[in-house]
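The block underneath contains the structure these notes are about, expressed in structure tokens.
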Amino acid sequence: MRIATYNINGIRARFETVTAWLGEKAPDVALLQEIKIVDEAFPREEIERLGYRVETHGQKSFNGVAILSRLPLDDVVRGLPGDESDEQARWIEGTVIGERRAVRVCGLYLPNGNPAPGPKYDYKLGWMARMRARAEALVASEEPVVLAGDYNVIPEARDVRNPDNWREDALFLPATRAAFRGLENLGLYDAIRLRTQAAGVYSFWDFQRGAWGRDNGIRIDHHLLSPQAADLLRDAWIEKEARGGAKPSDHVPVWIDLDA
DNA sequence: ATGACTAATTCGATTAGA
């Protein structure tokens with residue numbers, strides 16, 4: 001079972017890029033972030049025609065997440081628990097029924113948090129605390145669980161080309177990285193780090209300042225795996241070449257293969 | 001020293017992204 005995560009930066013702007021990618025790569029599951037559209041306006045039929053079940057949790061203009069699955073998808077839940085007043089669409093989960101195993105899959109778009117300090121950064125850290133509580137419950141289930149998406153977290157200095165440029169940034173502040181380690185300390189594994197310890201493995205290159213041409217990237221799109229999911233991991237990688245393709249997002253797809 | 005790019009909203013300039 002291949003599970004990809006992809007921040008598409010707008011389904012309207014990225015429709016042809018995304019449908020071409022689905023047609024070519026055909027991941028079993030695609031977790032999308034920043035669909036930037038309400039559920040009723042999402043191009044559901046066009047993507048169903050490519051063989052996918054479509055579950056969205058959208059909102060107008062910003063944010064919005066989706067699960068696309070070629071496999072049966074049950075028990076879909078929208079929204080991150082813990083704050084009834086939070087209206088931002090950043091979390092969706094469902095159970096994907098593989099040939100051998102069922103996998104609980106969470107698609108997430110973690111808040112950016114800039115500028116820091118400030119209310120946006122407070123929202124980010126509060127959101128991460130709520131995510132930790134949900135992740136703790138999922139780990140306790142002792143089932144294969146995958147939490148994947150745009151974390152807006154640079155975990156370590158080896159995950160950014162120029163660490164000194166990011167010292168004051170919400171994506172790389174010590175409190176941000178500590179909260180990410182807090183997730184790992186529940187017993188979750190960063191899938192790419194089960195595959196390689198190399199520096200310079202990035203998933204995002206800014207549209208500005210010629211970041212792509214200079215390989216001035218950061219790794220912020222992650223799959224965290226429960227122990228039961230990590231036991232099923234066959235491979236993980238980042239589709240870097242997508243950043244140089246036609247009408248690219250600023251993020252590229254990242255995928256894992258599970259024996260499930 | 002500063003802006004640089006892209007998308008959404010809605011048709012121009014603002015907000016947001018990271």
Side-chain angles (χ1 to χ4, degrees), chain A residues 5-21 31-43 56-66 86-91 107-128 131 148-177 179-180 200-222 238 240 242-254:
Chain A
T5 177
Y6 191 2
N7 181 324
I8 62 172
N9 195 353
I11 188 60
R12 283 186 243 264
R14 215 68 58 212
F15 178 76
E16 290 175 354
T17 304
V18 170
T19 52
W21 171 72
L31 305 172
L32 306 183
Q33 300 89 41
E34 286 206 86
I35 62 174
K36 294 186 174 182
I37 200 165
V38 293
D39 295 335
E40 308 81 69
F42 190 87
T56 59
H57 182 37
Q59 75 178 78
K60 185 178 169 70
S61 306
F62 303 112
N63 306 322
V65 289
D86 185 0
E87 295 181 350
Q88 298 192 31
R90 296 179 175 275
W91 182 273
L108 64 109
Y109 175 44
L110 205 150
N112 174 301
N114 280 306
K120 290 191 174 182
Y121 192 59
D122 294 342
Y123 176 67
K124 178 176 195 158
L125 292 182
W127 202 96
M128 294 182 85
M131 179 176 167
D150 177 359
Y151 278 70
N152 272 314
V153 174
I154 302 166
E156 300 178 64
R158 60 180 167 169
D159 298 311
V160 49
R161 179 63 172 269
N162 300 118
D164 286 339
N165 292 349
W166 295 83
R167 296 287 176 203
E168 310 298 320
D169 194 282
L171 280 64
F172 194 55
L173 281 171
T176 304
R177 298 162 62 193
F180 186 80
V201 178
Y202 308 134
S203 67
F204 170 94
W205 295 260
D206 202 300
F207 286 127
Q208 301 189 61
R209 293 172 285 265
W212 168 242
R214 294 138 58 127
D215 196 28
N216 188 6
I218 53 178
R219 189 173 72 92
I220 57 175
D221 300 271
H222 312 297
I238 297 180
K240 180 176 182 177
R243 188 62 178 79
K247 202 129 192 300
S249 172
D250 39 9
H251 298 249
V252 297
V254 183

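Here is how names work: the chains are called A, B, and so on, in the same order as the sequence lines, proteins then strands, and each is numbered from 1. A quick note: this is a predicted structure, and the numbers were derived from the prediction, not measured.
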Heavy atoms, side chains only, cut-off 4.5 Å: are A:D150 and A:I220 in contact?
yes
Side-chain donor or acceptor of A:H222 paired with backbone N/O of A:V153 under 3.5 Å:
yes
May I ask you to evaluate whether A:K247 reaches the phosphate of B:dA7, defined as a side-chain N or O under 4.0 Å from OP1 or OP2?
yes
Within-4.5 Å side-chain heavy-atom neighbours: A:Y6 and A:D221:
no
B:dT10 to B:dA16 separation - P atoms, rounded to the nearest Å
14 Å
Assign each of A:G10 and A:N114 to its nearest nucleotide of DNA chain B by heavy atoms, then name whichever residue's nucleotide is nearer the 5' end.
A:G10
Whole angstrom value for the distance that separates P of B:dC5 from CG of A:N216
15 Å
From the set B:dA18, B:dA8, B:dA7, return the single nucleotide nearest to any side-chain atom of A:R12.
B:dA8
For A:F204 and B:dG17, give me the distance from atom CZ to atom P, rounded to whole Å.
12 Å
We want to know whether A:N216 and A:R161 form a side-chain donor-acceptor pair, criterion being a heavy-atom distance below 3.5 angstrom.
no
Can you tell me, in whole Å, how much space there is between the C1' of B:dA1 and that of B:dT15?
25 Å
Closest to the A:F207 side chain, choosing from B:dA18, B:dA7, B:dC5:
B:dC5
Grab the CG-P distance between A:L171 and B:dA16 for me, whole Å please.
16 Å
Here the distance between atom C1' of B:dA8 and atom CD of A:E34, to the nearest Å, is 11 Å
Please report the distance, rounded to the nearest Å, between NZ in A:K60 and C1' in B:dA16.
15 Å
How close or far is atom P of B:dG17 from atom CG of A:L110, stated in whole angstroms?
12 Å
Using a heavy-atom cut-off of 4.0 Å across all strands, would you classify A:N165 as base, sugar-phosphate, or nothing?
nothing
Nucleotide of B:dG17, B:dA18, B:dT9 approaching A:K120 most closely (side-chain heavy atoms)
B:dG17
Heavy atoms under 4.0 Å, any strand shown: does A:D221 hit a base, just sugar-phosphate, or nothing?
nothing
Please check the phosphate of B:dG17 (OP1 and OP2 only) for any side-chain N or O of A:N112 closer than 4.0 Å.
no
Which nucleotide in the set B:dA4, B:dT9, B:dA7 lies at the smallest distance from any side-chain heavy atom of A:K36?
B:dA7
Side chain to side chain, A:Y123 and A:Q88, heavy atoms closer than 4.5 Å:
yes
On DNA chain B, does the nearest nucleotide to A:I11 precede the nearest nucleotide to A:Q208 from the 5' side, or the other way round? Give the residue.
A:Q208
Would you indicate what A:Y109 reaches in the nucleic acid, counting non-hydrogen atoms under 4.0 angstrom: base, sugar-phosphate, or nothing?
sugar-phosphate
Taking the P atom of each, how far is B:dA4 from B:dT14, in whole Å?
13 Å
Just to confirm, is there a sub-4.0 Å distance from OP1 or OP2 of B:dT6 to any side-chain nitrogen or oxygen of A:R14?
no
B:dA18 versus B:dT6 - spacing of their P atoms, nearest Å
16 Å
Counting any heavy atom closer than 4.0 Å, what does A:I37 reach on the DNA or RNA strands: base, sugar-phosphate only, or nothing?
nothing
pair A:W127-A:L110: side-chain heavy atoms closer than 4.5 Å:
yes
B:dA18, B:dA16, B:dT9: which one has an atom nearest the side-chain heavy atoms of A:H251?
B:dA18
Give me the distance, rounded to whole Å, that separates B:dA7 from B:dT2 when you measure between the C1' atoms they each carry.
23 Å
Output the rounded distance in Å from CG (A:D250) to P (B:dA4).
17 Å
CZ of A:F62 versus P of B:dT14: gap in Å, rounded?
15 Å
Just one of A:W21, A:Y202, A:W205 clears the side-chain contact (heavy atoms from CB on, under 4.5 Å) bar with A:V252, so which one?
A:W205
Under-4.0 Å side-chain N/O to phosphate OP1/OP2 contact, A:N63 with B:dA16
no
